[in-house]
Number of protein chains: 2
Amino acid sequence: MTIRQTNPPFMSGVPELLVLRLLARQEMYGYELVKAVRVVTSEAIRLGEGVIYPVLHGLERNGSLSARRKAVNGRTRVYYSVTPTGQQRLDRLAGEWERIKNGIQSVLESPQNA
Amino acid sequence: MTIRQTNPPFMSGVPELLVLRLLARQEMYGYELVKAVRVVTSEAIRLGEGVIYPVLHGLERNGSLSARRKAVNGRTRVYYSVTPTGQQRLDRLAGEWERIKNGIQSVLESPQNA
DNA sequence: TAAACTTACTTTGCCTTTCGAGGCATGTCA
DNA sequence: TGACATGCCTCGAAAGGCAAAGTAAGTTTA
């Protein structure tokens, strides 16, 4: 029984990139991130909690984020910030995005027929 | 039994966009498209046949592409070209891509801390 | 004060897209 | 003859992303 190994889809990991980038700017908690993504992208991108929280947990697990709990108004918030490892990951993802974006752009800008 | 309806992932449909855009430039066949994507994107994006062919079939099925078979060197090539319907779809996808891209860009350009 | 909404975190289960790999057939080059 | 390129097609799996719902506590409103 051999395990079939597939690469992740070439456009994936953008939510991760966005989360890392926002957290590099400023420490935030999950629910805040959900709203920040909508606001900063002018509603162009809306990531629900079903996306954000799993991403946060994954990034924390692999050492890209560190978390600290903080009680505010009787509620608990989990604030995340980017570790040095996370900064490396952010740099790498940003570079990949740049390549992909430029690739797509060069297709879109290719001269049209008609 | 209720059917759960999920939206497509927000970044999806890029292969479709690329295929439509390349075919709007010039009639092509599947195998040629596989290589064209790699070349035009300078290897940044590599879509295999397992991606390209299903996309072509889907686009043909919904009227975005028309196909004509042509025998060359004893082999059969299926050339695809973009229909008016396909042009509309291309315009729509290009617009969506623009919005998403700008959204991501505005996150990436947000001022950094540190 | 009850209803309704917001904040805040978490998880489940599904669906779609994408992916690698393989199969088939012909042609060319060494 | 073997290896490699052309050209088409499809299967099975993985992962990523998604809506929805559950929990719980605070706030607003009627």
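Throughout, a chain's letter reflects where its sequence line sits, starting with A, and its residues are numbered from 1.
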Nucleotide nearest [X] when distance is taken to its side chain, options [options]:
| X | options | answer |
| --- | --- | --- |
| B:Arg75 | D:dC18, D:dG7, C:dG20 | D:dG7 |
| A:Thr6 | C:dC19, C:dT18, D:dC18 | C:dC19 |
| B:Val51 | C:dC19, C:dT7, C:dT10 | C:dC19 |

Provide, to the nearest angstrom, the distance between the [atom1] atom belonging to [X] and the [atom2] atom belonging to [N].
| X | N | atom1 | atom2 | value |
| --- | --- | --- | --- | --- |
| A:Tyr80 | C:dT10 | OH | C1' | 10 Å |
| A:Arg46 | D:dA19 | CZ | C1' | 13 Å |
| A:Lys70 | C:dT7 | NZ | C1' | 16 Å |
| B:Met11 | D:dG17 | CE | P | 9 Å |
| B:Ile52 | C:dT18 | CD1 | C1' | 11 Å |
| B:Met28 | D:dC8 | CE | P | 12 Å |
| A:Glu32 | C:dT7 | CD | P | 11 Å |
| A:Tyr79 | C:dT7 | OH | P | 13 Å |

Below 4.0 angstrom from OP1 or OP2 of [N], is there any side-chain N or O of [X]?
| X | N | value |
| --- | --- | --- |
| A:Tyr53 | C:dC9 | yes |
| A:Tyr29 | C:dA8 | yes |
| B:Tyr31 | D:dT6 | yes |
| B:Asn73 | D:dT6 | no |
| B:Lys35 | D:dG7 | no |
| A:His57 | C:dC9 | no |

Rounded distance [0.5 Å steps], [atom1] in [X] versus [atom2] in [Y]:
| X | Y | atom1 | atom2 | answer |
| --- | --- | --- | --- | --- |
| A:Arg61 | A:His57 | CZ | NE2 | 9.0 Å |
| B:Leu17 | B:Arg92 | CG | CZ | 10.5 Å |
| B:Leu56 | B:Met28 | CG | CE | 10.5 Å |

Could you check whether [X] gets within reach of a base, just the sugar-phosphate, or nothing at all, counting any heavy atom under 4.0 Å?
| X | result |
| --- | --- |
| B:Gly50 | base |
| A:Val78 | sugar-phosphate |
| A:Glu49 | base |

Which pair of heavy atoms, one from [X] and one from [Y], lies closest together, and at what distance?
| X | Y | value |
| --- | --- | --- |
| A:Arg99 | B:Ala44 | NH2-CA, 3.4 Å |
| A:Val37 | A:Thr41 | O-OG1, 2.8 Å |
| B:Val51 | B:Pro15 | CG1-CB, 4.0 Å |

* Find the runs of at least 3 consecutive base pairs, i with j, i+1 with j-1 and so on, that include DNA chain C, using Watson-Crick or G-U wobble geometry with both distances under 3.5 Å. =>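 Listed by first number, the stems are C:1-30 with D:1-30.
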
Exercise. Kindly determine whether B:Glu32 and B:Arg77 satisfy salt bridge (Lys or Arg N to Asp or Glu O under 4.0 Å), including the steps that lead there.
Key: CA-CA 10 Å; B:Glu32 191 182 6; B:Arg77 293 178 180 169; over 6 Å; no

Could you check B:Val82, B:Leu18, B:Leu90, B:Leu59 and say which one makes a side-chain contact (heavy atoms from CB on, under 4.5 Å) with B:Leu23?
->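 Answer to the side-chain contact (heavy atoms from CB on, under 4.5 Å) test with B:Leu23 among B:Val82, B:Leu18, B:Leu90, B:Leu59: B:Val82.
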
message = Both A:Thr76 and B:Ser12 contact DNA chain C. Which one's nearest nucleotide lies toward the 5' end?
response =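 Of the two residues, A:Thr76 wins.
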
- Message: Closest-nucleotide mapping onto DNA chain D: is A:Pro8 or A:Gly48 further toward the 5' terminus? I mean the 5' end.
- Response: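 Result: A:Pro8.
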
